[in-house]
Amino acid sequence: MEQTMPLSAGQLQSYPRTTRFPSENRYRTTDRVLQILLSGDLSRLRAESVAESMGISTTTLRRRLRADHTHYQFLLDRARQYRCEQQLRDLWLPGKCLADQLGYLEVNSFYRAFRRWTGITYSEYKERYHN
């Protein structure tokens with residue numbers, strides 16, 4: 001990812017008027033989507049409802065996320081991973097219950113994601129950290 005350095009006053013004056021300035025809000029859409037996902041019900045949140053809550057179309061949401069070099073499914077996966085980690089720190093839940101909380105329609109999809117996140121199976125995780 002490209003980092004932009006703050007511009008001095010002299011550099012600002014030499015910028016052509018048609019050029020977009022580097023912005024502190026470069027990832028504003030990504031941050032807002034993550035806020036919505038982390039505070040919402042993951043079993044009900046879809047890209048369409050997130051876009052609607054932001055007051056934009058689904059197409060605009062996709063375009064802005066693409067400009068941020070990400071996409072909705074990636075952010076949803078990160079939010080699910082974070083929520084999963086938080087839940088397992090507090091209380092062990094059966095995979096079916098946790099999969100449902102995280103918005104997975106199939107428990108096997110959750111198990112595959114869990115293995116991708118941790119490198120171990122859900123049952124191996126339970127044996128290591130919750131026995």
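Hydrogens, waters and symmetry mates play no part in the numbers below; they use all other heavy atoms, side chains included.
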Taking only residues two or more places apart in sequence, or in another chain, which ones meet Q35 in a side chain to side chain contact (heavy atoms under 4.5 Å, CB included)? R32

Do the side chains of L93 and Q101 get nearer than 4.5 Å, heavy atoms only? yes

So for atom CD, which belongs to E85, do other residues, nucleotides or ligands contribute more than 12 heavy atoms lying within a distance under 6.0 Å? yes

Judged by modelled atom types alone, do Q86 and R83 share a side-chain donor-acceptor pair under 3.5 Å? no

Should we say atom CG of L91 is surrounded by more than 12 heavy atoms from elsewhere, each under 6.0 Å from it? yes

Distance, nearest 0.5 Å, that separates CG of D41 from CG of L102: 10.5 Å

Closest heavy-atom contact between V50 and L61? CG1-CD2, 4.4 Å

Assigning hydrophobic clusters by single linkage (Ile, Leu, Val, Met, Phe, Trp, Tyr; side-chain heavy-atom cutoff under 4.5 Å), is Y129 placed with Y122? yes

Using the side chain to side chain contact (heavy atoms under 4.5 Å, CB included) criterion, which residues pair with L76? Sequence neighbours excluded. L37, L42, Y72, Q73, R80

If I take atom NE2 from residue H71 and atom NE2 from residue H69, how far apart are they, to the nearest 0.5 angstrom? 12.5 Å

Calculate, to the nearest 0.5 Å, the distance between atoms CZ and OG1 belonging to R128 and T121 respectively. 8.5 Å

If you look only at distance, which donor and acceptor atoms sit under 3.5 Å apart when one is on a side chain in residues 107-120 and the other is two or more places apart or in another chain?
from : atom 1 : to   : atom 2 : distance (Å)
S109 : OG     : R112 : NH2    : 3.3
R116 : NH2    : D77  : OD1    : 2.7
R116 : NH2    : D77  : OD2    : 3.0
W117 : NE1    : D77  : OD1    : 3.3
W117 : NE1    : D77  : OD2    : 3.3
T118 : OG1    : F114 : O      : 2.9
T118 : OG1    : I120 : N      : 3.2
T118 : OG1    : I120 : O      : 2.9

Could you tell me whether the side chain of L88 reaches within less than 4.5 Å of the side chain of L98, counting heavy atoms only? yes

Hey, could you give me the OG/CE distance between S49 and M54, rounded to the nearest 0.5 Å? 11.5 Å

Can you tell me how far the CD atom of E48 sits from the OG atom of S57, to the nearest 0.5 Å? 11.0 Å

If Ile, Leu, Val, Met, Phe, Trp and Tyr residues are connected whenever their side-chain heavy atoms lie under 4.5 Å apart, and connections chain through other members, are F74 and I36 in the same group? yes

